[in-house]
Visitor: 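Could you have a look at this structure, given as structure tokens, before my questions?
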There are 2 protein chains.
Amino acid sequence: MASQEIEALANALARLPGLGPRSARRAVLHLMKRREGALQPLLAALQTVSERLSTCSICGNVDTRDPCTICADPRRDDKSLCVVEEVSDLWALDRSRLFPGRYHVLGGKLSALEGVRPEDLSIDKLLQRVGAGGIDEIVLAMNATLEGQTTAHYLAERLETYPVRLTQLAHGLPVGGELDYLDEGTLAQALRARRPVA
Amino acid sequence: MASQEIEALANALARLPGLGPRSARRAVLHLMKRREGALQPLLAALQTVSERLSTCSICGNVDTRDPCTICADPRRDDKSLCVVEEVSDLWALDRSRLFPGRYHVLGGKLSALEGVRPEDLSIDKLLQRVGAGGIDEIVLAMNATLEGQTTAHYLAERLETYPVRLTQLAHGLPVGGELDYLDEGTLAQALRARRPVA
């Protein structure tokens, strides 16, 4: 139907999360019909990001600058450090705009099944950052999965000797969660961590 | 949170149909984490399409070649011509792989409201193609909207004098359509065009 070049573009777009073959075709058409308004801006943005893409040497975030925008921001609170598994977790947390501190990306989680050991994660660098001092609180913001919690547990042990307060994200009902639809694990967590009514 | 360059990329992606701000962010992250596997192929595909993008001088399709892939395909049937409003309609029809002939893109539809007159559409070029001979059937594949049908009606009058068979797409129940959920217009069409049970 269309030329190889257009098929190649549709295929590249279809591999993006959230787009399938059908919506990728619509996106291609959208781009082709709006050469100046859509295709060129996307091309330019992609080119710039591609050229400048780098991993932050401090926290492990990906950005177009090193140190990344968060590490370079003087308004951030140096005393709080939030440790996450992946860059996507950092982005998700930072979207909430509730955490004022810095981040540290482990680059994965401990997993016996997948053979991921502590030395495969950015743990030494984390200990260095903590050892350098100035950090009061470390939020272990691992996923609420078995592997995430194993990783948090391991980190808590390694960080025990440092004079920092270790915290973790609260577990319980998600906002809008209906008891009837939640799994037993979540309900058990919510019940175990129940609080007196204020 | 992220640098301006990354925000620019997220914004450009968010303007694609099918992607919103949230999925655009996920797409950006996906691209940044897979520089070789996803970012570079998309960049290259976009660059190629951007460089070679052209409107077919025969039918009005957009493609990376002129004449377009369909017009240049020797296996297509020259005797059938399908007239559509927009390039997106051409793509949608051709995805069904049921029409073996050529296409003609009007580039819009007649609209008193939006001030689109016959001379604003690619109608002269259509008459030239038909006048050159060799076409047996013209399918007027306009949308089933008031303006689409007005356009089809107008074209039928202009094409009256040519020795071609004029046809239009069938109107009626869509596949999977439930009577209870269909509008009266569709039901009226389906009833009016009812056929004897085979």
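Just so we're on the same page: letters track the sequence lines, and every chain starts at 1. Atoms considered below: every heavy atom in the structure, side chains included; atoms not considered: hydrogens, waters and symmetry mates.
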Visitor: So which part of Glu36(B) gets closer than 4.5 Å to some heavy atom of chain A, the side chain, the backbone, both or neither?
Guide: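 Glu36(B) has no heavy atom closer than 4.5 Å to chain A.
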Visitor: Can you name the closest pair of heavy atoms from Asp63(B) and Met32(A) and give their distance?
Guide: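 Nearest pair, atom of Asp63(B) first, then Met32(A): N-CE, 3.8 Å.
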Visitor: Measure across Arg26(B) and Gly18(A) and return the closest heavy-atom pair with its distance rounded to 0.1 Å.
Guide: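 Residues Arg26(B) and Gly18(A), closest heavy atoms: NH2-N, 4.4 Å.
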Visitor: What closest approach, in Å, do Arg25(B) and Arg95(A) show between heavy atoms, and which atom pair accounts for it?
Guide: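 In terms of heavy atoms, the two residues are closest at CD-NH1, 3.4 Å.
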Visitor: Looking only at heavy atoms, which two atoms of Ala45(B) and Leu9(A) are closest? And how far apart?
Guide: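 Ala45(B) and Leu9(A) have their closest heavy atoms at CB-CA, 3.6 Å.
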Visitor: Name the option with the most non-hydrogen atom pairs under 4.5 Å to chain B; the candidates are Pro41(A), Ser50(A), Ala38(A).
Guide: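 The residue among Pro41(A), Ser50(A), Ala38(A) with the greatest pair count is Ser50(A).
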Visitor: Show your reasoning for whether side-chain contact (heavy atoms from CB on, under 4.5 Å) applies to Thr69(B) and Ile6(A).
Guide: CA-CA 11 Å; Thr69(B) 310; Ile6(A) 292 177; over 6 Å; no
Visitor: Under 4.5 Å between side-chain heavy atoms, counting indirect links through other Ile/Leu/Val/Met/Phe/Trp/Tyr residues: same cluster for Val139(A) and Ile135(A) or not?
Guide: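 Cluster IDs for Val139(A) and Ile135(A) differ.
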Visitor: Find the distance between CG (Leu39(B)) and CD (Gln47(A)) and round it off to the nearest 0.5 Å.
Guide: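 It is 10.5 Å, given to the nearest 0.5 Å.
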Visitor: Is there a chain of hydrophobic side chains (I, L, V, M, F, W, Y, each step under 4.5 Å between heavy atoms) that links Val83(B) to Leu159(B)?
Guide: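 Linked within one cluster.
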Visitor: Are more than 12 heavy atoms, taken from residues, nucleotides or ligands other than Glu184(A), located less than 6.0 Å from that residue's CD atom?
Guide: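 Result for CD/Glu184(A): open.
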Visitor: What distance separates Leu42(A) CG from Leu42(B) CG, expressed to the nearest 0.5 Å?
Guide: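 Answer rounded to 0.5 Å: 6.5 Å.
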Visitor: Flag yes if more than 12 heavy atoms outside Arg35(B) fall under 6.0 Å of its CZ atom; otherwise flag no.
Guide: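 Correct, the count exceeds 12.
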Visitor: Under a 4.5 Å heavy-atom cut-off, does chain A meet the side chain of Glu86(B), its backbone, both or neither?
Guide: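 Side chain only.
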Visitor: Treat each ILVMFWY residue as a node, draw an edge where side-chain heavy atoms are under 4.5 Å apart, and state whether Val84(B) and Leu146(B) are in one component.
Guide: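 Shared cluster, no.
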Visitor: Using a 6.0 Å cut-off, check whether atom CD of Gln4(B) has over 12 heavy atoms from anything other than its own residue.
Guide: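 No, because the 6.0 Å sphere around CD of Gln4(B) holds 12 heavy atoms or fewer from other groups.
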Visitor: Hey, any chance Val105(B) and Ile58(B) share a hydrophobic cluster, counting ILVMFWY side chains that come within less than 4.5 Å of each other, even indirectly?
Guide: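 Each belongs to a different hydrophobic cluster.
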Visitor: Specify which of Leu43(A), Val62(A), Thr55(A) makes the most heavy-atom pairs with chain B at under 4.5 Å.
Guide: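 That would be Leu43(A).
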Visitor: Between CG of Leu46(A) and CG of Leu46(B), what distance do you get to the nearest 0.5 Å?
Guide: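 Taking CG in Leu46(A) and CG in Leu46(B), the distance rounds to 6.5 Å.
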Visitor: Check whether Tyr103(B) and Val28(A) end up in the same hydrophobic cluster, where Ile, Leu, Val, Met, Phe, Trp and Tyr are linked by side-chain heavy atoms less than 4.5 Å apart.
Guide: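 Yes: a chain of side-chain contacts under 4.5 Å links Tyr103(B) to Val28(A).
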Visitor: To the closest 0.5 Å, what do you measure between OG (Ser3(A)) and CG (Leu53(B))?
Guide: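 So the gap between those two atoms works out to 9.5 Å.
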Visitor: For chain B, which candidate among Ala8(A), Ser88(A), Ser23(A), Ala10(A) shows the most heavy-atom pairs at distances under 4.5 Å?
Guide: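 Top option by heavy-atom pairs under 4.5 Å: Ser88(A).
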Visitor: Can you see which heavy atom on Leu16(A) is nearest to which on His30(B), and at what distance?
Guide: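 Residues Leu16(A) and His30(B), closest heavy atoms: CD2-CD2, 4.0 Å.
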